[in-house]
Number of protein chains: 2
Amino acid sequence: MQNYDLKHEVTDKYSLRGRVFNKIREDILSGKYKENDELKEIAIGEELGVSRTPVREAFRQLELEGLIQIIPNKGAYVTGITMEDVKDIYMIRSKLEGLCAAWACEHITEQQIEEMEENIYLAKFHAERGHFDQMSELDSRFHEVMYEACNSKMLEHLLKDFHQYVQRVRKRTLSTIDRSLASNNEHSKILEAIKARNPEEAERLATVHIHNAYKNMVKNGLKEAYNE
Amino acid sequence: MQNYDLKHEVTDKYSLRGRVFNKIREDILSGKYKENDELKEIAIGEELGVSRTPVREAFRQLELEGLIQIIPNKGAYVTGITMEDVKDIYMIRSKLEGLCAAWACEHITEQQIEEMEENIYLAKFHAERGHFDQMSELDSRFHEVMYEACNSKMLEHLLKDFHQYVQRVRKRTLSTIDRSLASNNEHSKILEAIKARNPEEAERLATVHIHNAYKNMVKNGLKEAYNE
DNA sequence: CGTTGCATTATTGTATACAATCATACACAG
DNA sequence: CTGTGTATGATTGTATACAATAATGCAACG
């Protein structure tokens, strides 16, 4: 994340470079390319039917995103995420999600509130039935709406990046009914605080929520998820 | 920003692309290229004596860093920083510097402590004499050492990016003897807390320190610095 | 006089060719 | 048998050529 940063930009979706970038990124995040895999310009270019140029440009961006590491004159390798990285990200996220929730108190729209309420309602339904894929999807979406609601492109982008970045290891760490219900309950409390326009409480709850998510992740399955 | 990402990597210093990247970045941060300036691949390539290829790759990275915006088939433009961006960055930084200071309590080395003490001592000297350039340099360095002391590559990189990003508007906002002395005093207090291995206090002080820096920035000169 | 359409030009997007660098294998010397 | 040196191949780094797209200016028309 490398690329941490102030990371920016909506990478162009319709240029070859943009498509290559998104494709490789997805493949890394989904696990098709694994840690330390070597990515070769020609191979990927042929696979996608493009020349090396757009592939190279995409590589440069992926490097800045921290998804790959480029060793000059040698090659591009998928970067690993250490358990320390994951921990760091969660600690950083907990602070920033808190800030985000606080800001959302001021800027959230009615429409966004409605979406979050619906999200919580749906999540409860799926959680009780153990539909973990839907849960994961809804969880991501809940946070995404909150990111948008904080009305800061800067913070929104940052949080989206972090969120995406840990997807690689997050896969099945929400996967117990207990945690799903608890998590959804926390979402509900956060939204209540935001609706009540209580930034301190919203911040506190959001911060704790991420801490809990991390604790749960460590408890059941970070190691396994990480080593597989 | 852009980016943020979790932005990574030490961009290669010796490849053409790396040199082009650093050069353009410096020129943007130093103000040579101003907001909304259009950067043309050929012109920059000729200026640096390289072809378009490395320039293009550098552009893609700068886009992700948030320093330029690329409009497909049109051009690359230096992005502006709005006053909202600056505020957001300072609020985000205040949280993260707090986290950084807290972590530093556990991981700081004797050598780093010494450098920070020396830094504070020197800064006092220069602050009293109105040597603002040296002050600015020392201020940056103080924070940099703390970033390194937190022992998280992730957080370190993130904070360095933010720090660099606001350099554009930070130019002369430390430029009063009063604020210089106060700021240095705050540094001293932060270091005391770190040395006392008191993460809560270190976090609180570091957070307040950035808030104060922002308040000072707004009070005297953000608007002017920004509009010039 | 203003507006629309087209032609021209400039600039970026992509592909390819060549140069530089690195990895590998093999031969040879010790 | 081991280690070193060299030659070969593969891969990336850079430059350039060509294609696609957007901006500009001018002319024709209303």
Side-chain angles (χ1 to χ4, degrees), chain A residues 2-3 8-28 32-79, chain B residues 2 8-25 27-28 32-79:
Chain A
Q2 310 119 7
N3 227 273
H8 247 249
E9 277 334 301
V10 185
T11 306
D12 177 23
K13 245 183 157 171
Y14 301 102
S15 69
L16 287 187
R17 166 183 61 86
R19 294 215 318 266
V20 172
F21 176 82
N22 286 321
K23 179 67 166 57
I24 300 175
R25 167 147 90 174
E26 237 175 81
D27 286 344
I28 292 177
K32 176 176 167 188
Y33 299 133
K34 295 191 180 47
E35 192 172 333
N36 295 324
D37 275 4
E38 182 169 1
L39 303 183
K40 287 176 196 139
E41 296 173 357
I42 297 176
I44 291 183
E46 283 179 354
E47 191 182 325
L48 303 179
V50 301
S51 78
R52 286 175 53 212
T53 307
V55 175
R56 283 179 60 82
E57 292 181 1
F59 274 20
R60 295 303 175 270
Q61 297 190 297
L62 289 163
E63 181 188 30
L64 227 61
E65 288 254 338
L67 292 174
I68 67 176
Q69 179 180 13
I70 296 176
I71 300 177
N73 293 310
K74 189 149 177 291
Y77 302 87
V78 177
T79 56
Chain B
Q2 116 211 189
H8 248 248
E9 277 333 303
V10 185
T11 305
D12 178 25
K13 244 184 157 171
Y14 301 101
S15 70
L16 287 187
R17 166 183 61 85
R19 294 213 321 262
V20 172
F21 176 82
N22 287 320
K23 179 67 166 58
I24 300 175
R25 167 148 90 173
D27 286 345
I28 292 177
K32 176 177 168 187
Y33 298 133
K34 295 189 180 47
E35 192 172 333
N36 295 324
D37 275 5
E38 182 170 0
L39 303 183
K40 287 174 197 142
E41 297 173 357
I42 297 176
I44 290 183
E46 283 179 355
E47 191 182 325
L48 303 180
V50 302
S51 79
R52 286 175 55 212
T53 307
V55 175
R56 283 179 60 83
E57 293 182 0
F59 274 20
R60 295 303 176 270
Q61 297 190 295
L62 289 164
E63 182 187 30
L64 229 62
E65 287 256 341
L67 291 174
I68 67 175
Q69 179 180 14
I70 296 175
I71 301 176
N73 292 312
K74 188 147 178 292
Y77 301 87
V78 177
T79 55

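Throughout, protein chains are lettered first and strands after them, A, B, ... in sequence-line order, and every chain is numbered starting at 1.
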Review item, nucleotides 6-12 of chain D N/O atoms under 3.5 Å of protein N/O:
unit_1	atom_1	unit_2	atom_2	d
dT12(D)	O3'	Asn73(A)	N	3.4

Partners passing side chain to side chain contact (heavy atoms under 4.5 Å, CB included) against Lys23(B) (at least two apart in sequence or in another chain): Asp27(B), Lys32(B), Glu47(B), Leu48(B)
d(CZ, Phe21(A); P, dG13(C)) in whole Å: 16 Å
Nearest 0.5 angstrom please: Gln61(A) CD to Leu67(A) CG, how far? 11.5 Å
Exceeds 12 heavy-atom contacts within 6.0 angstrom, atom CD of Glu26(A): no
The reported gap from CG in Asn22(A) to CG in Leu62(A) (rounded to nearest 0.5 angstrom) is 9.0 Å
Phe21(B) side chain near Glu65(B) side chain, heavy-atom distance below 4.5 Å: yes
Sequence neighbours excluded, which residues qualify as salt bridge (Lys or Arg N to Asp or Glu O under 4.0 Å) partners of Arg56(A)? Glu41(A), Glu57(B)
I want to check one thing: is the phosphate of dT14(C), taken as OP1 and OP2, less than 4.0 Å away from some side-chain N or O of Thr53(A)? no
Heavy-atom distance under 4.5 Å between the side chains of Ile68(B) and Tyr33(B), does that happen here? no
If you look only at distance, which donor and acceptor atoms sit under 3.5 Å apart when one is on a side chain in residues 70-77 of chain B and the other is two or more places apart or in another chain?
unit_1	atom_1	unit_2	atom_2	d
Lys74(B)	NZ	Tyr77(B)	OH	3.1

Describe, as an angle rounded to 10 degrees, how the axis at the first end of the helix from dC1(C)-dG30(D) to dG30(C)-dC1(D) is tilted relative to the axis at the last end, five pairs per end. 10°
